Engineer: 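Sharing a structure here in structure tokens format.
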Amino acid sequence: MIIIGEKINGTIPGVKKAIENRDEQFIRDLAVKQVEAGAHYIDVCASTAPEFEVQTLKWLMEIVQDAIDTPLCIDSPNPRAIEQVFKYAKEPGIINSVSEEGGKCEVVYPMIQSTRWQVIALTCDQKGIPSDVQARVEITKTMVQKAQQYDITPDRIHIDPLVMAISADNQSLLNFIETLKAVKELYPTIKVTSGLSNISFGMPLRKIINQHFLTIATYAGMDSAILDPCNRDILTTLLAAEALLGRDRYCRNFSNAYRKNKIGPDRGSHN
Ligand code: THG
């Protein structure tokens with residue numbers, strides 16, 4: 001599983017405060033901890049008022065890149081903001097995200113043409129987020145065909161089917177899996193991604209639901225996930241699922257993570 005660490009996000013109250021106070025150490029720690037926990041990409045999302053977004057993203061990117069060598073996942077609903085901060089990235093990462101809404105592909109695709117950047121493509125358009133499989137597949141086709149015009153191959157695209165809350169749509173996970181299968185049937189090298197938390201919205205014991213979602217989606221073939229790798233329960237679930245699915249030779253990853261006290265109940269500091 002490709003892990004995109006979600007913790008540097010201005011929607012989290014502590015992060016919002018750190019952004020307001022320009023607390024570099026707080027952001028730096030979040031970057032380092034996520035990388036130590038196994039993150040392959042570090043999501044940076046300002047979530048500030050639009051007039052501060054570019055300067056905030058730039059500040060976050062600078063701190064993260066100074067602290068660690070892991071590539072970024074630049075998270076903004078505004079492709080023009082992404083366009084302005086793109087040049088400050090030291091190495092290719094992931095653009096989060098485009099969709100079939102508001103000409104986003106037309107801004108982002110030319111920008112990442114002839115680069116090794118990847119892109120997350122949300123299956124929504126001006127009509128909103130479809131919950132049925134066929135509409136999601138159709139939006140995917142359009143976004144992949146547009147990408148082809150800029151020589152962006154499917155292996156650089158992570159489709160995010162935007163899972164609905166299971167409390168609102170009982171078929172949400174099953175539809176997600178059906179979408180995943182259909183999309184991979186069409187484009188075998190494409191990636192499918194998801195955030196973990198949408199599925200459990202409006203339910204008690206959300207973290208439990210999120211963990212089970214992760215297990216089932218991993219089995220179904222989800223390639224990447226936007227999650228908190230510092231959450232021990234989530235990391236434990238993920239590594240257990242990968243071991244059980246034959247994706248962890250000799251269960252080495254699982255055992256090493258346990259030995260380093262990264263999974264299971266916290267056995268205290270080794271320092
Ligand atoms: N898809 C795509 N991008 C996304 C999302 C998605 N970006 C934003 C969001 N969803 C993913 N990011 C977050 C960030 C923080 C939290 C949830 C989603 C969050 N964090 C709590 C905290 O840190 O305090 C709890 C984390 C935990 O331990 O589980 O709630 O869906 N493409």
Side-chain angles (χ1 to χ4, degrees), residues 1-19 26-27 29-31 33-34 37-48 53 57 60 64 72-79 81-82 93-101 104-105 108 117-124 129 131 136 139-140 143 157-166 172-173 176 179-180 190-215 217 222-238 262-263 266:
M1 183 70 66
I2 300 164
I3 300 175
I4 304 169
E6 72 181 12
K7 294 229 70 139
I8 303 181
N9 189 315
T11 57
I12 301 171
V15 177
K16 184 178 191 302
K17 215 174 106 214
I19 290 172
F26 187 93
I27 302 297
D29 282 350
L30 285 180
K33 281 188 185 133
Q34 290 185 101
H40 302 106
Y41 296 88
I42 298 296
D43 194 272
V44 286
C45 177
S47 197
T48 52
E53 191 181 11
L57 271 177
L60 291 172
V64 173
L72 300 168
C73 176
I74 306 176
D75 190 346
S76 167
N78 178 3
I82 296 176
I94 304 175
I95 299 295
N96 186 11
S97 55
V98 298
S99 68
E100 259 312 286
E101 194 190 9
K104 291 187 185 190
C105 294
V108 169
W117 279 82
Q118 301 168 57
V119 61
I120 295 177
L122 313 177
T123 59
C124 61
I129 305 172
S131 59
R136 283 165 159 160
I139 296 173
T140 298
M143 293 190 294
I157 304 173
H158 300 242
I159 296 297
D160 183 341
L162 291 170
V163 280
M164 306 271 167
I166 195 77
S172 171
L173 172 59
F176 170 81
T179 305
L180 178 151
I190 209 162
K191 296 180 174 74
V192 172
T193 195
S194 177
L196 286 202
S197 49
N198 296 348
I199 190 82
S200 61
F201 194 78
M203 281 177 87
L205 303 178
R206 288 190 64 177
K207 299 257 156 104
I208 299 289
I209 303 292
N210 297 348
Q211 287 165 51
H212 287 273
F213 167 74
L214 178 60
T215 303
M222 183 166 75
D223 301 275
S224 59
I226 306 158
L227 53 76
D228 175 4
C230 302
N231 179 316
R232 298 177 71 91
D233 295 332
I234 288 174
L235 194 65
T236 307
T237 298
L238 178 59
K262 285 184 188 170
I263 58 170
D266 198 337

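Quick caveat, the model's predicted, so the values are computed rather than measured. Read the numbers this way: they start at 1 and go in the same order the structure lists the ligands and their atoms.
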Engineer: List the atom of I3, the atom of G38, and the distance in Å for their closest heavy-atom pair.
Structural biologist: CD1-O, 3.8 Å

Engineer: With heavy atoms of L122 as the reference, note each atom of ligand 1 found under 4.0 Å away.
Structural biologist: 32 (N)

Engineer: Among protein heavy atoms, which lies nearest atom 24 (O) of ligand 1, and at what distance?
Structural biologist: I12 CG2, 3.9 Å

Engineer: Starting from atom 3 (N) of ligand 1, locate the nearest protein heavy atom and write down its residue, its atom name and how far away it is, to 0.1 Å.
Structural biologist: N96 ND2, 3.0 Å

Engineer: Kindly give the heavy-atom pair with the smallest separation between I19 and G10, and that separation in Å.
Structural biologist: CD1-CA, 4.0 Å

Engineer: Taking only heavy atoms of I120, which atoms of ligand 1 are found under 4.0 Å from at least one of them?
Structural biologist: 32 (N)

Engineer: Out of L227, L235, I199, I209, which one pairs with L214 under the side chain to side chain contact (heavy atoms under 4.5 Å, CB included) rule?
Structural biologist: L227

Engineer: Roughly how far, to the nearest 0.5 Å, is the CG atom of D233 from the CG atom of L238?
Structural biologist: 12.5 Å

Engineer: Is there a donor-acceptor pair closer than 3.5 Å between any side-chain N or O of S172 and the backbone N or O of M164?
Structural biologist: yes

Engineer: Using modelled atom types and a 3.5 Å cut-off, is there a donor and acceptor pairing between side-chain atoms of Q34 and backbone atoms of K7?
Structural biologist: yes

Engineer: Closest non-hydrogen protein atom to atom 28 (O) of ligand 1, residue and atom name please, with distance?
Structural biologist: N231 ND2, 3.0 Å

Engineer: Any donor-acceptor pair under 3.5 Å linking the side chain of R136 with the backbone of T179?
Structural biologist: no

Engineer: To check your reading of the model: name the closest protein heavy atom to atom 25 (C) of ligand 1, its residue, and the distance in Å.
Structural biologist: K207 NZ, 4.1 Å

Engineer: Among protein heavy atoms, which lies nearest atom 9 (C) of ligand 1, and at what distance?
Structural biologist: N9 ND2, 4.6 Å

Engineer: Under 4.0 Å from any heavy atom of D75, which atoms of ligand 1 are there?
Structural biologist: 4 (C), 7 (N), 8 (C)

Engineer: Would you please say whether a donor-acceptor pair under 3.5 Å links the side chains of N9 and T11?
Structural biologist: yes

Engineer: So is L162 touching ligand 1 or not, going by heavy atoms under 4.0 Å?
Structural biologist: no

Engineer: At what distance is the nearest protein heavy atom to atom 23 (O) of ligand 1, and which residue and atom is it?
Structural biologist: K7 NZ, 3.0 Å

Engineer: Examine distances only and state if a side-chain atom of T193 and a backbone atom of S224 form a donor-acceptor pair shorter than 3.5 Å.
Structural biologist: yes

Engineer: Are any non-hydrogen side-chain atoms of E53 and P77 less than 4.5 angstrom apart?
Structural biologist: yes

Engineer: So if I count the atoms of ligand 1 from 1 in the order they appear, which ones are less than 4.0 Å from some heavy atom of G195?
Structural biologist: 31 (O)

Engineer: In terms of residue, atom name and distance, what is the protein heavy atom nearest to atom 11 (C) of ligand 1?
Structural biologist: I226 CG2, 3.7 Å

Engineer: Any protein heavy atom at under 4.0 Å, with atom 7 (N) of ligand 1 as the reference point?
Structural biologist: yes

Engineer: Any side-chain heavy-atom pair from D43 and I8 closer than 4.5 angstrom?
Structural biologist: no

Engineer: Ignoring angles and geometry beyond distance, decide whether S194 reaches within less than 3.5 Å of ligand 1 through its nitrogen or oxygen atoms.
Structural biologist: no

Engineer: Using a strict cut-off of 4.0 Å, indicate which atoms of ligand 1 neighbour a heavy atom of N198.
Structural biologist: 31 (O)

Engineer: Measuring to protein heavy atoms, does anything land under 4.0 Å from atom 1 (N) of ligand 1?
Structural biologist: yes

Engineer: Among all protein non-hydrogen atoms, which one is nearest to atom 16 (C) of ligand 1, and what is the separation to 0.1 Å?
Structural biologist: E6 OE2, 3.5 Å

Engineer: Evaluate S197 for polar contact with ligand 1, using N/O atom pairs at a separation under 3.5 Å.
Structural biologist: no

